[in-house]
S.K.: 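Below is the structure I would like to discuss, written out as structure tokens.
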Amino acid sequence: MPNLSNRLTLLREKQGWSKAETARRLGLKAPSTYGNWEYGIREPDLDMVTQIATLYDVSVDYLLGQQSIPTYAPSELHSEKDIAKRMIKLSEDLRYEDDLILNGKLLDESAAHFLADSIDFLYEQTKKLNN
């Protein structure tokens, strides 16, 4: 199951922010505080978890690994018309979710990363073709 530090890293990188930039946006005086959360050395208090969820527009449940969908309900994903969002979500799930199944068998971690890399490649190539 993904932990808080993994989710923090994923969300920050998705925004294209540095750890220092993220710390600044959260009003932290020491950028190392945020870095320690990503490294799993320390964890933010509940008030800060709520601020982080607001900053990234995700639920606290998602940050804490209790939910795999960050900002929308699963039913919305199926009706989502923007295939890019669906591809990005699938790639994230493959990288950070455990116990995924492929054709009735547990998906091996290396196979999951291969599939995620393949989806990322296809997404980037399709963006180029679609411009």
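From a predicted model like this one, the values you see are computed outputs, not experimental measurements.
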S.K.: Using a 3.5 Å distance criterion without hydrogens, assess whether the side chain of T50 forms a donor-acceptor pair with backbone atoms of L46.
M.R.: yes
S.K.: With a 4.5 Å cut-off on side-chain heavy-atom distances among I, L, V, M, F, W and Y, is there a chain of contacts connecting I119 to F114?
M.R.: no
S.K.: Check for me, please, whether Y39 and M48 land in the same ILVMFWY cluster - side-chain distances under 4.5 Å, paths through other members count.
M.R.: no
S.K.: Find the distance between OH (Y56) and CD (Q15) and round it off to the nearest 0.5 Å.
M.R.: 7.0 Å
S.K.: Are there over 12 heavy-atom neighbours, none belonging to E13, within less than 6.0 Å of that residue's CD?
M.R.: yes
S.K.: Does NZ or CZ of R25 lie under 6.0 Å from the centre of the six-membered ring of W17, at an angle within 45° of the ring axis?
M.R.: yes
S.K.: With side chains defined as the heavy atoms from C-beta onward, is the minimum distance between R12 and L55 less than 4.5 Å?
M.R.: no
S.K.: Would the distance check show the side chain of D57 and the main-chain N or O of A53 forming a donor-acceptor pair, the cut-off being under 3.5 Å?
M.R.: no
S.K.: Consider only side-chain heavy atoms of I, L, V, M, F, W and Y, link residues closer than 4.5 Å, and tell whether I88 and I83 are in one cluster.
M.R.: yes
S.K.: Report the distance from atom OG of S18 to atom CZ of R24, rounding to the nearest 0.5 Å.
M.R.: 9.0 Å
S.K.: Taking all non-hydrogen atoms of both residues into account, name the closest pair between I52 and L26 and its distance.
M.R.: CG1-CD1, 3.8 Å
S.K.: Can you tell me how far apart NZ (K19) and CG (N36) are? Round to the nearest 0.5 Å.
M.R.: 10.0 Å
S.K.: Looking at OH of Y34 and CG of L28, how far apart are the two atoms once the value is rounded to the nearest 0.5 Å?
M.R.: 9.5 Å
S.K.: Could you state the interatomic distance from CG (N3) to CG (L8), rounded to the nearest 0.5 Å?
M.R.: 9.0 Å
S.K.: With a 4.5 Å cut-off on side-chain heavy atoms, are E92 and K14 touching?
M.R.: yes
S.K.: So which heavy atom on S5 is nearest to which on W37, and how close?
M.R.: CB-O, 3.2 Å
S.K.: Which value, rounded to the nearest 0.5 Å, describes the distance between L115 atom CG and L90 atom CG?
M.R.: 6.5 Å
S.K.: Please answer: with hydrophobic residues joined when any side-chain heavy atoms are less than 4.5 Å apart, are I41 and L4 in the same cluster?
M.R.: no
S.K.: Let me check something: do L106 and L102 share a hydrophobic cluster, defined by ILVMFWY side-chain heavy atoms less than 4.5 Å apart, either directly or through other members?
M.R.: no
S.K.: What closest approach, in Å, do L122 and T126 show between heavy atoms, and which atom pair accounts for it?
M.R.: O-OG1, 2.7 Å
S.K.: Does any donor atom in the side chain of E38 or T9 lie under 3.5 Å from an acceptor atom in the other side chain?
M.R.: yes
S.K.: Are the side chains of L107 and L94 in contact, using a 4.5 Å heavy-atom criterion?
M.R.: yes
S.K.: For D61 and S59, does a side-chain donor sit closer than 3.5 Å to a side-chain acceptor?
M.R.: no
S.K.: May I ask you to test the D117-S91 pair for a side-chain heavy-atom distance under 4.5 Å?
M.R.: no
